[in-house]
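For reference, the structure discussed in these notes is given below.
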Amino acid sequence: MFNVKDVLGTSDICNCLGRASIEKDPILNYLLPHETAYIMFKSGKETHLFTDLAYVTIRGITAGTSRRYLDRIEYTEAPISDVCFETAGYGITDRDVELKFTMGAKRISIDIWKNEIQTALGYYRAILIISHEQAKNRELMTLSVDALSRMMPTNVVVAEPEKEQSVGEAIALQAVKAASFLHRQYSPQSYKHVFESLGL
């Protein structure tokens with residue numbers, strides 16, 4: 001179907017939408033029951049949504065097409081990295097700013113109307129903070145696992161052979177508990193605290 005935005009080349013330039021404006025958007029139908037939507041970039045052709053748990057996007061080939069493609073990337077599965085923001089020039093043809101970041105092996109670029117740059121910068125900060133937290137948590141997880149491996153005994157001498165299995169089971173249980181604690185501590189599923197600390 002013909003759409004004027006496709007002709008003008010603006011079908012992929014997004015508006016910034018906060019929580020209040022997202023409440024009735026169709027993309028919410030694809031979220032998990034306990035998931036909270038915080039920030040969204042929306043154009044005629046694509047929708048980019050950041051929740052407390054994941055980055056969700058819906059894309060169409062053109063602004064007028066009814067067929068859309070949904071993609072969801074969990075923060076725990078593909079950490080955010082290489083976050084950058086590109087401002088626009090002063091020319092009439094420079095209509096948009098650009099937010100870029102990487103999730104896993106995928107490089108993502110979002111075009112935003114340049115008159116919404118202040119709101120876009122606030123959203124950029126949230127994504128950047130999540131990226132920094134994830135990088136720090138990965139480093140702490142690596143250090144903690146290394147320290148844990150050094151603390152765990154490699155050779156246990158048991159005076160009574162019949163008790164060897166119970167000692168091994170106790171050590172294995174300690175390792176499982178420690179690993180579970182580290183996962184909760186350094187691999188958070190939700191980044192609700194980041195969005196709400198910025199008033200988003």
Side-chain angles (χ1 to χ4, degrees), residues 11-61 63 65-86 96-114 116-141 180-200:
S11 60
D12 60 347
I13 302 180
C14 299
N15 294 107
C16 299
L17 302 172
R19 290 178 68 180
S21 303
I22 299 173
E23 290 179 355
K24 295 183 180 180
D25 195 278
I27 198 171
L28 297 184
N29 296 326
Y30 301 102
L31 302 188
L32 301 176
H34 60 285
E35 193 169 12
T36 303
Y38 281 96
I39 59 176
M40 184 165 74
F41 302 94
K42 189 177 183 71
S43 70
K45 193 165 66 174
E46 40 188 67
T47 301
H48 306 266
L49 178 67
F50 292 84
T51 76
D52 57 328
L53 304 178
Y55 163 70
V56 184
T57 182
I58 297 180
R59 299 174 187 269
I61 297 174
T65 184
S66 59
R67 177 173 289 185
R68 302 288 178 180
Y69 302 91
L70 175 72
D71 190 22
R72 177 188 177 91
I73 308 176
E74 303 278 343
Y75 300 137
T76 53
E77 295 176 359
I80 299 172
S81 63
D82 303 319
V83 183
C84 62
F85 192 89
E86 183 178 317
D96 59 295
V97 296
E98 199 168 355
L99 171 63
K100 299 178 182 180
F101 57 95
T102 299
M103 291 193 78
K106 182 178 290 188
R107 187 64 176 167
I108 299 163
S109 177
I110 304 174
D111 296 328
I112 306 153
W113 288 106
K114 73 176 181 180
E116 298 192 32
I117 187 171
Q118 292 306 317
T119 303
L121 283 171
Y123 294 178
Y124 155 78
R125 291 186 191 100
I127 298 166
L128 184 63
I129 290 171
I130 292 174
S131 173
H132 286 173
E133 281 201 12
Q134 290 179 323
K136 181 179 179 181
N137 285 339
R138 286 195 300 274
E139 182 180 355
L140 290 172
M141 174 69 91
S180 178
F181 170 78
L182 291 176
H183 181 75
R184 291 195 307 272
Q185 188 77 9
Y186 300 127
S187 298
Q189 288 190 332
S190 174
Y191 285 88
K192 175 181 179 179
H193 63 283
V194 172
F195 295 108
E196 298 200 348
S197 68
L198 294 172
L200 301 175

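Throughout, residue positions are numbered sequentially from 1 according to the sequence presented. Scope of the values below: all heavy atoms of this structure, side chains included, with no hydrogens, waters or symmetry mates.
The side chain to side chain donor-acceptor pair (under 3.5 Å) test applied to E46 returns H48, R59, not counting sequence neighbours. For E74, the side-chain contact (heavy atoms from CB on, under 4.5 Å) partners at least two apart in sequence or on another chain are L53, A54, R72, T76, E77.
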Y123 and M40: CA distance, side-chain angles, deciding distance, side chain to side chain contact (heavy atoms under 4.5 Å, CB included) verdict:
CA-CA 9 Å; Y123 294 178; M40 184 165 74; over 6 Å; no

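Going from atom CD1 of I22 over to atom OG1 of T36 covers 10.5 Å, rounded to the nearest 0.5 Å. Note that the CG atom of N137 and the CD1 atom of I130 stand 11.5 Å from one another [nearest 0.5 Å]. Rounding to the nearest 0.5 Å gives a distance of 12.0 Å between NZ of K100 and CD1 of I110. Rounded to the nearest 0.5 angstrom, N15 CG and S43 OG are separated by 8.5 Å. Interatomic distance, E98 CD to I112 CD1, rounded to the nearest 0.5 Å: 8.5 Å. If you take CD1 on I39 and OG1 on T51, they are separated by 10.0 Å, rounding to the nearest 0.5 Å.
D82 contributes no side-chain N or O that, together with a main-chain N or O of T102, makes up a donor-acceptor pair within less than 3.5 Å. Of the possible donor and acceptor atoms, one in the side chain of S131 sits under 3.5 Å from a partner among the backbone N and O of I80. A distance-only check finds no donor-acceptor pair linking the side chain of Q134 to the backbone of P79 [under 3.5 Å]. Between the side chain of R68 and the main chain of K45, a donor-acceptor pair closer than 3.5 Å is present.
The minimum heavy-atom distance between R107 and C84, with the atom names listed, is NH2-SG, 3.4 Å. Counting all heavy atoms, side chain and backbone alike, I58 lies closest to L70 at CG1-CD1, 3.6 Å. Scanning all heavy atoms of the two residues, the minimum distance from S197 to V194 falls at OG-O, 2.8 Å. Closest heavy-atom contact between G122 and L200: O-CD1, 4.2 Å. In this structure, Q189 and Y75 approach most closely via the heavy-atom pair O-CD1, 4.5 Å.
For E196, the CD atom counts as densely surrounded, since its 6.0 Å shell holds more than 12 non-hydrogen atoms of other residues, nucleotides or ligands.
Looking only at side-chain heavy atoms (C-beta outward), W113 and C14 stay at 4.5 Å or farther from each other.
The ring pair (Phe, Tyr, Trp, His ring centres under 6.0 Å) with F101 is formed by just one residue from the set Y124, F85, F50; it is F50.
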Tabulate below the donor-acceptor pairs under 3.5 Å that side-chain atoms of residues 23-34 make, not counting sequence neighbours, or state none.
from: D25; atom 1: OD1; to: I27; atom 2: N; distance (Å): 3.0
from: D25; atom 1: OD2; to: K42; atom 2: NZ; distance (Å): 3.1
from: N29; atom 1: ND2; to: P26; atom 2: O; distance (Å): 3.2

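Using cut-offs of 30° and 60° on the angle between ring planes, the pair F195 and Y38 is parallel.
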